[in-house]
Asker: 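Handing you this structure, nothing more for now.
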Amino acid sequence: QVQLVESGGELVQPGGSLRLSCAASGTIFRLYHMGWYRQAPGKERELVAGITETRDTNYADSAKGRFTISRDNARNTWYLQMNSLKPEDTAKYYCHAEGLTGWGDRFDSWGQGTLVTVSS
């Protein structure tokens, strides 16, 4: 089993910054794709940013220019740096990963989520 644990969510004022982290544990051979999603109350979960094992990235339009996704392959960890936060960024943020375990099985795992609240 591959488990993902997010951290870094908290209350922040509009215009502020946060960095979310996601650490993957278990017998991981490869991480093909890692991403951050968010879900606001009453809304569907949406992709915020993704990064491949070759470090190609993609972002939601709402995140472009403000958020940056990065990864640390040695630690099986990835990050979401969020700047210029807006109240509409308030949501529960989930990390997601697809890859291959050490036994050759594909996995598709989600974290439990970390809450980001942007409010004055």
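The basis for the numbers below is simple: all heavy atoms, side chains too, and nothing from hydrogens, waters or symmetry mates. Not measured: the values here are computed from a predicted model.
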Asker: How close do Gly8 and Leu20 get, heavy atom to heavy atom, and via which atoms?
Answerer: C-CD2, 3.5 Å
Asker: Just distance, no hydrogens or angles: give the donor-acceptor pairs under 3.5 Å from side chains in residues 93-101, sequence neighbours left out.
Answerer:
unit_1, atom_1, unit_2, atom_2, d
Tyr93, OH, Arg38, NH1, 2.9
Tyr93, OH, Asp89, O, 2.6
His96, NE2, Asp108, OD1, 2.5
Thr101, OG1, Trp103, N, 3.2
Thr101, OG1, Asp105, N, 3.1
Thr101, OG1, Asp105, O, 3.4

Asker: Distance-only check: which donor-acceptor pairs under 3.5 Å involve side-chain atoms of residues 24-33, not counting sequence neighbours?
Answerer:
unit_1, atom_1, unit_2, atom_2, d
Arg30, NE, Glu53, OE1, 3.3
Arg30, NH2, Glu53, OE1, 3.3
Arg30, NH2, Glu53, OE2, 2.4

Asker: Do any N or O atoms from the side chain of Arg66 and from the backbone of Ser62 form a donor-acceptor pair under 3.5 angstrom?
Answerer: yes
Asker: Starting at OG of Ser109, measure out to CG of Leu4 and round the result to the nearest 0.5 Å.
Answerer: 5.0 Å
Asker: Does some side-chain heavy atom of Leu80 sit less than 4.5 Å from a side-chain heavy atom of Arg19?
Answerer: no
Asker: With a 6.0 Å cut-off on ring centres, are Phe67 and Trp36 close enough?
Answerer: no
Asker: Output all residues satisfying salt bridge (Lys or Arg N to Asp or Glu O under 4.0 Å) with Arg106, sequence neighbours left out; order by chain, then residue number.
Answerer: none
Asker: Shortest non-hydrogen contact from Thr68 to Tyr59?
Answerer: CA-OH, 3.4 Å
Asker: Keeping Glu6 on the side-chain end and Gly113 on the backbone end, is there a donor-acceptor pair under 3.5 Å?
Answerer: yes
Asker: Filter on side chain to side chain donor-acceptor pair (under 3.5 Å), then keep only pairs touching residues 70-83, sequence neighbours left out; what's left?
Answerer: Ser17-Asn83, Arg71-Asn73, Gln81-Asn83
Asker: Heavy-atom count check: over 12 atoms from other residues, nucleotides or ligands less than 6.0 Å from Gln3 CD?
Answerer: no
Asker: If two hydrophobic side chains count as joined below 4.5 Å and joins carry through other members, does Met34 share a cluster with Trp110?
Answerer: no
Asker: If Ile, Leu, Val, Met, Phe, Trp and Tyr residues are connected whenever their side-chain heavy atoms lie under 4.5 Å apart, and connections chain through other members, are Tyr37 and Val116 in the same group?
Answerer: no
Asker: Among all residues two or more places apart in sequence or in another chain, which pass the side-chain contact (heavy atoms from CB on, under 4.5 Å) test with Lys43?
Answerer: Ala40
Asker: Surrounding CD of Glu88 (heavy atoms of other residues, nucleotides or ligands, distance under 6.0 Å), is the total greater than 12?
Answerer: yes
Asker: Listing request: all side chain to side chain donor-acceptor pair (under 3.5 Å) pairs with a residue in residues 111-120, at least two apart in sequence or in separate chains.
Answerer: none
Asker: How far apart are the closest heavy atoms of Ile51 and Arg55, and which atoms are they?
Answerer: CG1-CA, 3.7 Å
Asker: Can you tell if the side chain of Asn58 reaches within under 4.5 Å of the side chain of Thr52, non-hydrogen atoms only?
Answerer: no
